[in-house]
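Bear in mind the structure is a predicted one, so any value in this text is a computation, not a measurement.
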Amino acid sequence: MSATTSVPAGPLSQLGLDHLGFAVGDPAAAAEPFTARFGFGVLDRFPGAAGAPEDGVRTVAVGAGGIRLVLTAAQDAGHPAARYVARHGDGVRDIALRTPDAAAAFAEAVRRGAEPVAGPAGRDGVVTASVTGFGDVVHTFVQRPGPAAGVPGPAATGLHGIDHLAVCLEPGRLGPTVEYYERALGFAAVFTERIVVGAQAMDSVVVQNDAGTVTLTLIEPDTGRAPGQIDRFLASHGGAGVQHVAFASDDIVRSVGLLSARGIGFLDTPSTYYDLIPGRLTLSRHSVDELRDLNVLADQDQDGQLLQIFTRSRHPRGTLFFEVIERLGARTFGSGNIKALYEAVELQENRSDATR
């Protein structure tokens, strides 16, 4: 684990997550899983997030608690949302950052070396301006006159915030991308890790804004090892992008039970994984049997424990998926689960071989 002393200056010192902007082919169809299955509400009024019908842009905004997702489709093939969908399919194109002064934040980021995408502009009382992020993903600075209107409380499924986003980067882009976020946007690298699983390996750095409210887990594959899931994402997605969005819950057992009942599919975990939990940690909440019944994973670091589970991807390219996470003090991201799952699969295979 490592940390930097990077401190954002002036206009970049009060950034927060405003919303995630998805580029999609059909906003109504893209919204359906979020409303019918995740339990989010439709935000009838969410000004300044995207274009308007008269611009040839269709938008649906959904959310709950601190989760705000803006789903945008454009008729014009030259529109950024349309270009994104043509290249990558539906996905996160904009990680929008709330700020008290969008023009000042934009100017400061550009002064620090950020590449401008769109200068300051006002609409419906909201000022926005955009700079590049990674791949084809941008950051829009959003200045609102007051709290975002129309955002309901936590979802019926208990999801209430965005814990982090996992980002897959091309080989060799991890270092430059971390440096860009530190220099241009005032983020700090708070966690560094190398993960080795069998013949595969990947390197990861977590960057955060100063308040810790915007967290990006940046990951690149080690091309000197066997290809793995990061390599597959890059090939299928067509370059760097958001691999998954992690939704926060205060009770993962309740949330996953409700989500499963609503038709959300989750990845299976071998039963042997749960046989090994008592040797890894003593659960501070929930039981091994509760986690086993729902395929929820458990991990811990020096600050506490976390519980997490990943959805099955419904994306046509198999790229974007979601995570549900409950933090019980832990500040890391469950990398111990990768090793534990690998060992569990090996144990399960060995047991199967012994019974043949």
Side-chain angles (χ1 to χ4, degrees), residues 17-43 46 49-53 55-64 67-96 117 130 132-140 155 157 159 162-170 216-217 219 229-247 259 262-267 310-324:
L17 184 61
D18 187 81
H19 67 273
L20 297 182
F22 285 70
V24 299
D26 183 337
E32 191 273 339
F34 293 120
T35 56
R37 294 178 174 81
F38 283 96
F40 301 160
V42 175
L43 310 182
F46 197 71
D55 302 324
V57 176
R58 294 175 296 143
T59 296
V60 176
V62 299
I67 302 168
R68 302 174 185 89
L69 312 178
V70 178
L71 316 172
T72 300
Q75 296 176 354
D76 182 356
H79 188 282
R83 292 201 306 269
Y84 187 98
V85 172
R87 182 175 182 184
H88 307 291
D90 290 8
V92 177
R93 192 192 78 84
D94 189 351
I95 302 171
V117 174
S130 302
T132 57
F134 50 86
D136 291 329
V137 175
V138 302
H139 293 294
T140 296
T157 53
L159 306 180
I162 295 176
D163 184 89
H164 66 275
L165 291 87
V167 175
C168 296
L169 301 170
E170 296 96 336
L216 306 178
T217 302
I219 311 165
Q229 62 170 296
I230 308 304
D231 305 89
R232 290 192 293 274
F233 174 93
L234 294 169
S236 298
H237 181 261
V242 174
Q243 180 206 47
H244 72 261
V245 179
F247 295 130
L259 289 164
R262 285 169 169 255
I264 294 293
F266 292 97
L267 296 181
F310 300 94
T311 68
R312 296 183 183 277
S313 178
R314 299 182 64 199
H315 196 283
R317 302 190 186 193
T319 47
L320 181 68
F321 57 93
F322 299 92
E323 175 183 355
V324 179

To the nearest 0.5 angstrom, please state how far the [atom1] atom of [X] sits from the [atom2] atom of [Y].
X	Y	atom1	atom2	value
H79	T72	NE2	OG1	7.5 Å
T157	R262	OG1	CZ	6.0 Å
D94	D18	CG	CG	9.0 Å
L259	T311	CG	OG1	9.5 Å

Among all residues two or more places apart in sequence or in another chain, which pass the side chain to side chain donor-acceptor pair (under 3.5 Å) test with [X]?
X	answer
T132	Y180
S130	T140
E32	R37
D231	none

**Asked** Does any N or O in the side chain of E170 come within less than 3.5 Å of the main-chain N or O of L234, such that one atom is a donor and the other an acceptor?
**Response** no
**Request:** Give a yes or no answer on whether the side chain of Y84 reaches the backbone of V92 with a donor-acceptor pair at less than 3.5 Å.
**Result:** yes
**Complete:** Those residues at least two apart in sequence (or on a different chain) that pass ring-ring contact (aromatic ring centres under 6.0 Å, His included) with H237 are H88, F233
**Request:** Only counting residues at least two apart or in another chain, list the ones meeting ring-ring contact (aromatic ring centres under 6.0 Å, His included) with F247.
**Result:** F38, F40, F322
Testing the basics here: between [X] and [Y], what is the closest heavy-atom pair and its distance to 0.1 Å?
X	Y	answer
P33	A30	CD-O, 3.3 Å
V24	A73	O-CB, 3.1 Å
L320	S313	O-OG, 2.8 Å
A74	A81	CB-CB, 4.4 Å
A96	L17	O-CD1, 3.5 Å

Does [X] have any side chain to side chain contact (heavy atoms under 4.5 Å, CB included) partners at least two apart in sequence or in another chain, and if so, which?
X	answer
A246	D163, H164, E323, I325
V85	A23, D90
Q229	R232, Q243
D26	A28, A29, R58

**Prompt:** Listed by chain and number, what are the salt bridge (Lys or Arg N to Asp or Glu O under 4.0 Å) partners of R312, not counting sequence neighbours?
**Reply:** D268
Would you say that [X] contacts [Y] through its side chain, given a criterion of any heavy-atom pair below 4.5 Å between the two side chains?
X	Y	answer
I67	F34	no
F266	V324	yes
V242	F134	yes
I95	L20	yes

**Parallel, tilted or perpendicular: ring planes of F310 versus F321, cut at 30 and 60 degrees** = perpendicular
**Request:** Among residues two or more places apart or on two chains, list those pairs meeting salt bridge (Lys or Arg N to Asp or Glu O under 4.0 Å) that have a residue in residues 77-87.
**Result:** R87-D136
